[in-house]
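Contents: one structure, followed by commentary.
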Amino acid sequence: MKVVTAGRVTIAAVDGHCAGGDFITALACDVRVAADTATFAAPLTAAVRLARMLGEARAKDIVLTGRTFDAHEALRLGVVTRVVPAARLADEAAALVKGA
Amino acid sequence: MGQNEHTRWRQADGVGYIVIENPPMNVLSPINRQGMLAALTEFRAAKARAVIITGAGDRAFCGGADLKEEDKLTGDDSVQQFLERGQELNWTIRDYEAPIIGAINGWTMGGGLVLALWCDVRIGSTRAKMGAVGVKVGLMASNIQLTRFLNEARARDMLLTGRTVEAEEALRLGLLSKVVAPDALMDEATAWAQAIAARPPADIARAKRAINGARDSGWVEAP
């Protein structure tokens, strides 16, 4: 995972498996974008942040089970706001930052 | 393990199972509430790590709360007691240390929707049908829960029309976390319960409490 910044705006560009500390870092960023091959698993410590971001039902779903979900489900749940082919991830993050 | 006239319950592999059995529509009766509270107490003593609630048969999860009770209400005291009895189960579910999974096998209306929404997670079969039908009889039951779970536009839609939301739409709205074929529902719910059961119970209990309080706590109070 890479965190791209422009001034104070931070973008998490997620590739591979995003769990534990990486997941927390991603949540701390302003925007999250993912490669279509990325996977996610929410650690328990993300509980409050996720509840506020996604609402109680979605937060309990992923936090209490700790289950792994893919990029497309992450998009549907609202964990990320954009999913792109892996090869385009860096360009996508750069383009977002350029607009910031 | 146990049962009463409208409820049965058992445990297996650290997971508690509660079945609402009050045909034809598994309406939630005072006997159900007593049964469910007894089951939850038993499960806690046995240190169950997750609980699954479902409805008997393939038609209804819980078709509503027993409105016949309301006919017997006379003065302020009995109304107060009626409301408190209804709420006791809901608050027990919310404050319960172990996560509670609603396995939504069919009609889930009115008071039944309230019960389903108090569960921590909901998994549905393709037969799941959810509706905030109170408005059709001049009642409103799930208004606070739906406005917390859904954005305001969608909550108003469901509460003011009382319309039925079927499984695929419920999934899209976030009222269900997953939809499976009817004969796969209990296995799926069990798999989710086992995923929870595999994690340290104290951490799970803390995460559940944290999420329960997340909207109302300030940043300073968040654990």
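These numbers come from the heavy atoms of this one structure, side chains and all, not from hydrogens, waters or symmetry mates. Chain identifiers are assigned alphabetically (A, B, ...) following the order of the sequence lines, protein sequences preceding nucleic acid strands; residue numbering begins at 1 within each chain.
- Annotation: B:Arg163, atom CZ; neighbour count of heavy atoms from other residues, nucleotides and ligands within 6.0 Å is above 12.
- A donor-acceptor pair under 3.5 Å is formed between the side chain of A:Arg52 and the backbone N or O of B:Ala214.
- For B:Arg172, the part lying under 4.5 angstrom from a heavy atom of chain A is the backbone only.
- Contact of B:Leu173 with chain A is made through the backbone alone, with heavy-atom distances under 4.5 Å.
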With side-chain contact (heavy atoms from CB on, under 4.5 Å) as the test, would you mind laying out the steps for B:Asp120 and A:Leu64 before giving the verdict?
CA-CA 9 Å; B:Asp120 296 295; A:Leu64 297 179; 4.1 Å; yes

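- By the 4.5 Å heavy-atom criterion applied to side chains, B:Trp192 and A:Asp61 are counted as neighbours.
- More than 12 heavy atoms of other residues, nucleotides or ligands lie within 6.0 Å of CG in B:Leu160, so this atom counts as buried by the packing criterion.
- Rounding to the nearest 0.5 angstrom, the gap separating the CG atom in B:Leu171 from the CZ atom in A:Arg76 is 4.5 Å.
- Between B:Lys178 and A:Glu73, no side-chain nitrogen of the basic residue sits less than 4.0 Å from a carboxylate oxygen of the acidic one, so the salt-bridge criterion is not met.
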Evaluation steps, salt bridge (Lys or Arg N to Asp or Glu O under 4.0 Å), between A:Glu56 and B:Lys208
CA-CA 10 Å; A:Glu56 216 179 88; B:Lys208 177 171 168 172; over 6 Å; no

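- For the options A:Ala59, A:Ala46, A:Ala47, heavy-atom pairs under 4.5 Å to chain B are most numerous at A:Ala47.
- Distance check: A:Thr65 OG1 to B:Gln194 CD gives 13.0 Å after rounding to the nearest 0.5 Å.
- To the nearest 0.5 Å, atom NZ of residue A:Lys60 and atom CD1 of residue B:Ile100 are 9.0 Å apart.
- Atom CZ of A:Arg58 is separated from atom OG of B:Ser177 by 8.5 Å, given to the nearest 0.5 angstrom.
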